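These notes are about the structure you will find just below.
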2 protein chains.
Amino acid sequence: MEAKEILKQHVSKTAMLTDEQFEHFFSHFKPKSLKKGQVLISEGEKVDHEYFVISGCLKAFFINDQIKMYILQFAMTTWWTSDYGALYNQSKATIGVDSITDAEVLCLSNQDREKLCSQLHQVEHFFRWRTNKGYLASQKRLLSFMNNDTKARYEELLALYPQLYNLVPKHLIASYLGVSRETLSRLYNTHR
Amino acid sequence: MEAKEILKQHVSKTAMLTDEQFEHFFSHFKPKSLKKGQVLISEGEKVDHEYFVISGCLKAFFINDQIKMYILQFAMTTWWTSDYGALYNQSKATIGVDSITDAEVLCLSNQDREKLCSQLHQVEHFFRWRTNKGYLASQKRLLSFMNNDTKARYEELLALYPQLYNLVPKHLIASYLGVSRETLSRLYNTHR
DNA sequence: TTACAAATGTGATCTACATCACGTAACGCG
DNA sequence: CGCGTTACGTGATGTAGATCACATTTGTAA
């Protein structure tokens, strides 16, 4: 399916836009092809776009003291990603975003998003719901962190995104779970 | 300051409403006085309101297997709280909300929020930003969880909300930090 | 004021996971 | 094709924090 169609279906789940309105909306997105490993946002730099994933898999991550990496999000088709803190506050990136596989994304600038939100009530509605969904997911993950041990969180992740197991290297999954790669390795080898 | 004035100042930070619009907005909130320990949302029941805190301190929490409690949020003045997952999905509460101190809140029903959002573009704008702020806070807390040890998270919490130390019992702070009350106790006794 | 419940302090022990250390397998690139 | 980098497996050891057990202190309602 074409990028435009994927976005249209995605948006239509929460916002009613006429064809004309959608065309206007869509005209603000710039398509971009990414190669495996390609960087979209790197720490310390200005952030002015968010990204809607058409295909492939990106990661949003935080690096502590130049040493440990924690993955905030694996972004696959129909997911949005960026350093939203930096984007909304017009500050430098503290979160990096790059591509784990070859990928296709649509880029939307912060300015254009705000313009579209104020022009079209339905677009503002859409972004409220999108953010809300993200908020709920984040809260759920926080609870999972406090409540479950590593093994349970690992199984939870794979139940939700089975494709991840073959798509991304294991040490990235460990970074998402917040454990060392060694512990993750022992987890699925010891256990079966 | 009066409840109405507190809400007005809070909203005016992100949304421009005329006096008339604000009156209409405000007319959908019902004030409620809470006593220490009073329950607003309990697990398994229907959720149809969210709450804007005027004074006092509430907690939103999750209880695992009827045993361990994890605090998702301490809600103080100008904070919003509810079981948003249940509220938006019209499902039964999995998260509880009650009052830690005597408190004053304004209640807004899910239905009224959605009505107001569709009636007034600026209200939708306001709720988008509010949710966005919540999302960023949640993401930050998640990172803190992965990145910092208990002591650092404890100090971070108290730096952000110094009043909590005297306002709420220590075992609730432990529940927020995701550690046992014993560990928290040792933390500030061993350490100074 | 008494009396019971809730909150807190503190020791002893146990465990999941981090860290270090090293070896092997796979892969991408000249 | 071979070679280096990246991914992955696995043992040994250290440690933060959980859990259990019990004492003490504080709050609260009758």
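The shown structure was predicted, so the numbers you read here are calculated from the model rather than taken from an experiment. First the proteins, then the strands, lettered A, B, ... as listed; each starts at 1.
For B:H171, whose side chain is taken as the heavy atoms from C-beta onward, the closest listed nucleotide among C:dT8, C:dG9, C:dC17 is C:dT8. Listed candidates were C:dT10, C:dC20, C:dT8. Nearest to the side chain of A:E182 is C:dC20. The A:K68 side chain lies nearest to C:dA18 when the options are D:dG9, C:dA18, D:dG17. Taking every side-chain heavy atom of B:P169 into account, C:dA7 is the closest of C:dG9, C:dA7, D:dT10.
The side chain of A:T150 contributes an N or O atom lying less than 4.0 Å from OP1 or OP2 of C:dC17. Phosphate proximity of D:dC8 to A:S185: absent, as no side-chain N or O sits under 4.0 Å from OP1 or OP2. The phosphate of C:dT8 (OP1 or OP2) has no side-chain N or O of B:Y188 nearer than 4.0 angstrom. OP1 or OP2 of D:dA18 sits under 4.0 Å from a side-chain N or O of B:S180.
The shortest distance between side-chain heavy atoms of B:F126 and B:L120 does not fall below 4.5 Å.
In this structure, the side chain to side chain contact (heavy atoms under 4.5 Å, CB included) partners of B:Y165, at least two apart in sequence or on a different chain, are B:Y154, B:L158, B:K170.
Distance A:K170 NZ to C:dC27 P: 12 Å, rounded to the nearest Å. Here the C1' atom of nucleotide D:dA18 and the CZ atom of B:R186 are 9 Å apart, to the nearest Å.
Residue B:G178 is classed as a sugar-phosphate contact, given heavy-atom separations below 4.0 Å to backbone atoms only.
Sorted by first and then second residue, the side-chain hydrogen bond (donor to acceptor under 3.5 Å, both in side chains) pairs with a member in residues 125-136 of chain A read A:E50-A:R130, A:Y84-A:R130, A:H125-A:W129, A:H125-B:E124, A:R128-B:E114, A:R128-B:E124, A:Y135-A:Q139; sequence neighbours excluded.
Sequence order on DNA chain D of the closest nucleotides to B:R181 and B:K36 puts B:R181 first from the 5' end.
Of the N and O atoms on the side chains of B:H49 and B:K30, not one donor lies less than 3.5 Å from an acceptor on the other residue.
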